[in-house]
Colleague: 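One structure follows; several queries about it will come next.
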Amino acid sequence: MSYTIHEVAQKLGISTYSIRYYHDHGMLPYVQRDENNNRVFNDVDLEWLHIIVFLRGTGMPVERIHHYLDLVQEGDSTVPERYAMMQAQQERTLSEIADLQHHLSTINFKVDHYASIMKNHEPDSFVPSNLRDTAADQTA
């Protein structure tokens, strides 16, 4: 099956600009061109793009992804290096998840706090002291 760049962009939820960038920088080595010089993608190309998109989603820099894809093409002798790259990215991703979980717990606390304020019709007790002082001055 073959796809146009617009179909691929829609399928993967990325821009045609990004796809062209990846292709122009050698990250999509097997993309063919039709008689009008338009890129024509197949299912294998979508697999390559999927790898790029998911690695970008974990924050891996494009240069590292390019290196990883080069290693894949070099074959099994590069498995140890690819393994090390994925381990490092796994650690970075787990760290980001932990940070996000911490942020989420703070947000959850705030959501519960504001829900309680609205339900009980009480003032917000968690405002910075300078705002509390300003509010007191305005009521005096």
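Residue numbers start at 1 and run along the sequence shown.
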Colleague: Under 3.5 Å, is there a donor-acceptor pair between the side chain of Q10 and the main chain of E7?
Modeller: no

Colleague: Any chain of hydrophobic side-chain contacts (each under 4.5 Å) joining V44 to M1?
Modeller: yes

Colleague: Which heavy atom of A9 sits nearest a heavy atom of T16, and at what distance?
Modeller: CB-CG2, 3.8 Å

Colleague: Say whether, by atom type as modelled, one donor and one acceptor occur between the side chain of N120 and the main chain of S116 under 3.5 angstrom.
Modeller: yes

Colleague: Take N38 and T4, measure what side chain to side chain contact (heavy atoms under 4.5 Å, CB included) needs, and give me the verdict at the end.
Modeller: CA-CA 8 Å; N38 295 315; T4 67; over 6 Å; no

Colleague: Kindly determine whether Y68 and M86 satisfy side chain to side chain contact (heavy atoms under 4.5 Å, CB included), including the steps that lead there.
Modeller: CA-CA 9 Å; Y68 173 79; M86 289 300 112; 3.7 Å; yes

Colleague: Under the side-chain hydrogen bond (donor to acceptor under 3.5 Å, both in side chains) definition, can you give me all pairs with a residue in residues 43-53, not counting sequence neighbours?
Modeller: Y3-D43

Colleague: Assess whether side chain to side chain contact (heavy atoms under 4.5 Å, CB included) is satisfied between L55 and R64, documenting all intermediate values.
Modeller: CA-CA 9 Å; L55 290 174; R64 295 284 296 155; over 6 Å; no

Colleague: Measure the spacing between CG of D124 and CD1 of I117 and express it to the nearest 0.5 Å.
Modeller: 3.5 Å

Colleague: Can you tell me if Q32 uses its side chain to pair, donor with acceptor, with the backbone of Y30 under 3.5 Å?
Modeller: yes

Colleague: First locate atom OG of S18, then atom NE2 of H23, and finally report the distance between them rounded to the nearest 0.5 Å.
Modeller: 14.5 Å

Colleague: Got a sec: does the CG of D34 have more than 12 other heavy atoms crowding it under 6.0 Å?
Modeller: yes

Colleague: Does V79 belong to the same Ile/Leu/Val/Met/Phe/Trp/Tyr cluster as V72, with side-chain heavy atoms less than 4.5 Å apart forming each link?
Modeller: no

Colleague: Can you give me the closest heavy-atom contact between T78 and L71, atom names plus distance?
Modeller: OG1-O, 2.7 Å

Colleague: So how far is it from L104 CG to I97 CD1, rounded to the nearest 0.5 Å?
Modeller: 12.5 Å

Colleague: Is the NZ atom of K110 crowded by more than 12 outside heavy atoms at less than 6.0 Å?
Modeller: yes

Colleague: For the backbone of H25 and the side chain of H66, can you confirm whether one donor and one acceptor N or O come within less than 3.5 Å of each other?
Modeller: yes

Colleague: Is there any side-chain hydrogen bond (donor to acceptor under 3.5 Å, both in side chains) pair reaching into residues 91-109, and which pairs are they, with sequence neighbours excluded?
Modeller: Q89-R92

Colleague: Is there a continuous path of hydrophobic side-chain contacts, each under 4.5 Å between heavy atoms, that joins L100 to V111?
Modeller: no

Colleague: Answer yes or no: is there an ion pair linking D24 with R39, defined by an N-O contact shorter than 4.0 Å?
Modeller: yes

Colleague: Of all the heavy-atom pairs spanning P80 and S77, show the shortest one and how long it is.
Modeller: CD-O, 3.7 Å

Colleague: For the residue pair R82 and G75, what are the closest heavy atoms and their distance?
Modeller: NH2-O, 2.9 Å

Colleague: Quick one: does I51's side chain get under 4.5 Å of L69's, heavy atoms only?
Modeller: yes

Colleague: Would you give the length of the straight line joining atom CD1 of I52 to atom OH of Y22, rounded to the nearest 0.5 angstrom?
Modeller: 6.5 Å

Colleague: Might you point out which heavy atoms bring V31 and V40 nearest each other, and give the distance in Å?
Modeller: CG1-O, 3.7 Å

Colleague: In Å and rounded to the nearest 0.5 Å, what is the CG to CD distance from N37 to E35?
Modeller: 10.0 Å

Colleague: For the backbone of M60 and the side chain of R56, can you confirm whether one donor and one acceptor N or O come within less than 3.5 Å of each other?
Modeller: yes

Colleague: Any heavy-atom pair between the side chains of S125 and H113 that's under 4.5 Å?
Modeller: yes

